[in-house]
Amino acid sequence: MQYNFDEIINRRGTNSIKWDAGDLLKKIGITERFDEQTISLWVADMDFACPPAVLAALRKKIDQRMFGYTAHYTSPDYYGALINWFSRRMNWKIHPEEIVYCPGTVHALNVAVRAFTKPGDGIIIQRPVYAPFTKAIEENNRNVVNNELINADCYYTMDFADLEEKAKDLKNTMMILCSPHNPVGRIWNADELRRIAQICRENNVLLIADEIHGDLIRCDQTFTSIANVADTDNIVIGTAINKTFNVAGLHVSNIVIKNKELREKFQNTLGMASPSPFGIATLIAAYNESEDWLEQLKVYIDGNFDLLEKYLAEKLTKVKYRRPEGTYMAWLDFSGYGLSPEEVHKKIYVDANVTLEDGKVFGKGSEHFQRICLPSPGPLLKEALDRIVKQFE
Ligand SMILES: Cc1ncc(COP(=O)(O)O)c(C=O)c1O
């Protein structure tokens, strides 16, 4: 079956954070302009219809006409679908008892911080990085310890010497790894993952690996889960259908925790949690029946990267960028224009009326970057890029 990713579906009026939360975005300073004409490419969700198998499963659920208390642990299909997906696609063998359902990966990060660390502890992250990592640390009264990534011509690597030093400090008890990395797009390779795992293990630093972008990579790339290369006894791994199948509003994350003691601590801090009947049906239909959809989606998203690269090569020639190995986001360095971050922001958000995400959100030192999310129909993306180009010509 051929899926149509070109269709522009109007998401305004659907309570979408991406398309309807303009007042909020103005209030929190993401943008000062948001109206009917705004093209919104900031939040990492897709403007594509979900896989047909997911929609059919949801319709079937509706026909049940009752939505009482549900529990995924009553359904071997839930575990089967999940376990088969990771076994088939990543050669990662997960045992059902290792899986803890959590209503969101960010939620899980917060739970992990509370379950495994004490107020005042240091938690290592690698900036520039997805802002909720910082929030999960600071809002739980722990301290951010930044192991800054090294940027060489838009290709990012890890500073292992600095990581080792920080891991050795007894105050630092946890590390949150973003793999693949949002926003820099690296898929950490087996050697890098092994080294991180080793440094964490040797220094008693608990490692939380957020692998939510693991399915959404370029077609010529392969994703390596940290579970494939390291002993996961002190590693907690976050997985989700949320990004992969555009169902983030259904809140289905599964956190894989091999170590029983850690798992129980996490579960006790989380409390009772179970997906809605819609979440359960979605996970099963997504993992069992939507793989071909995902493969076509990846090709389409690669095409959007091609489109972006054409614009960069021909019309936004001073932007520095490297095609990300994973994630559907591009990390654009506007410093070549010699403008202040505020001037770049005004040109894009106000004058072009396109909402992206300012680099400063991902950490100090990234002010001259913009992050753009590309999983939108090509014509929409094209219009956004045309508008931006006009401001920089
Ligand atoms: C690295 C990373 N983790 C987690 C999330 C959000 O996950 P969830 O919707 O499962 O809370 C995102 C969304 O952009 C992300 O980029």
Side-chain angles (χ1 to χ4, degrees), residues 15-18 21 25 30 40-47 50 72 82 99-113 123-137 139 144 149 156 174-188 193 196 207-217 223 225-226 236-256 266 270 273 275-276 278-279 282-283 286-287 301 324-331 355-359 361-363 366 369 371-376:
N15 305 318
S16 156
I17 292 186
K18 189 170 179 180
L25 299 190
I30 298 262
S40 184
L41 303 175
W42 74 285
V43 78
D45 77 13
M46 310 200 265
D47 294 316
C50 296
H72 57 304
L82 193 154
I99 299 165
V100 183
Y101 163 78
C102 192
T105 316
V106 169
H107 193 107
L109 296 180
N110 280 273
V111 172
V113 166
I123 300 180
I124 302 169
I125 55 174
Q126 297 174 306
R127 286 178 175 159
V129 75
Y130 181 54
F133 282 22
T134 295
K135 278 178 149 237
I137 298 168
E139 288 177 1
V144 168
L149 294 174
Y156 286 80
M174 179 185 272
M175 172 172 180
I176 308 177
L177 171 72
C178 196
S179 174
H181 190 282
N182 170 11
V184 310
R186 275 295 316 280
I187 299 178
W188 305 115
L193 292 171
I196 298 166
L207 182 57
I208 313 296
D210 177 342
E211 297 191 348
I212 187 169
H213 292 281
D215 293 312
L216 291 160
I217 61 175
F223 172 69
S225 167
I226 195 154
V236 169
I237 306 176
T239 75
I241 53 171
N242 297 340
K243 295 253 173 267
T244 311
F245 301 100
N246 204 18
V247 292
L250 294 175
H251 297 284
V252 183
S253 294
N254 289 285
I255 314 306
V256 183
F266 183 93
L270 171 66
S276 73
F278 302 107
T282 297
L283 179 134
Y287 281 157
I301 291 176
E325 296 161 345
T327 84
Y328 46 51
M329 293 162 287
W331 183 234
T355 305
L356 307 181
E357 230 173 328
D358 286 320
V361 170
F362 302 85
S366 297
F369 282 85
R371 190 193 74 174
I372 180 169
C373 288
L374 298 189
S376 294

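This one's a predicted model, so the numbers in the text were calculated from it and none came from an experiment. Whatever order the structure lists ligands and atoms in, that order sets their numbers, starting from 1. The residues of the chain are indexed from 1 along the displayed sequence.
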With heavy atoms of [X] as the reference, note each atom of ligand 1 found under 4.0 Å away.
X	answer
Asn242	8 (P), 9 (O), 10 (O)
Ala44	14 (O)
Gly104	10 (O), 11 (O)
Ser253	10 (O)
Cys178	1 (C)

Do the side chains of [Y] and [X] get nearer than 4.5 Å, heavy atoms only?
X	Y	value
Gln126	Leu177	yes
Ile226	Leu207	yes
Asn242	Ser253	yes
Leu149	Val184	yes
Val111	Phe266	yes
Asn254	Leu283	yes

Selected option - heavy-atom contact closest to atom 4 (C) of ligand 1, from Leu216, Asp210, Asp45, Val43: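 The residue whose heavy atom sits nearest atom 4 (C) of ligand 1 is Asp210.
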Nearest heavy atom to atom 8 (P) of ligand 1 wins, so pick from Leu250, Ile176, Asn182, Thr105.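 Looking at heavy atoms only, the winner is Thr105.
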Looking at every heavy atom in both Ile30 and Asp358, which two are closest together, and how far apart are they?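 Taking every non-hydrogen atom into account, O-OD2, 4.4 Å.
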Ligand 1 N/O within reach of Ala240 N/O, cut-off under 3.5 Å: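 No, no N or O pair falls under 3.5 Å.
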So, regarding His107 and ligand 1 (criterion: nitrogen or oxygen to nitrogen or oxygen, under 3.5 Å), is there a contact or not?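 Not met; the criterion fails.
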If you measure from each non-hydrogen atom of His251 to ligand 1, which part falls under 4.0 Å: side chain, backbone, both or neither?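 Under 4.0 Å from ligand 1, His251 contributes no heavy atoms.
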Within-shell test, His213 vs ligand 1, heavy atom, strictly < 4.0 Å: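 True for this residue.
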By side-chain contact (heavy atoms from CB on, under 4.5 Å), which residues pair with Ser276, not counting sequence neighbours?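 Expected list: Phe278.
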Going by ring-ring contact (aromatic ring centres under 6.0 Å, His included), Phe362 matches just one of Phe133, Trp331, Tyr156, Tyr130. Which one?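 Output: one option passes, namely Trp331.
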Closest protein heavy atom (residue, atom, distance) for atom 6 (C) of ligand 1: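 Checked against all protein heavy atoms, atom 6 (C) of ligand 1 sits closest to Tyr130 OH, 3.4 Å.
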Specify the protein heavy atom at minimum distance from atom 7 (O) of ligand 1: its residue, its atom name, and the distance to 0.1 Å.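 Answer for atom 7 (O) of ligand 1: Ile212 CD1, 3.2 Å.
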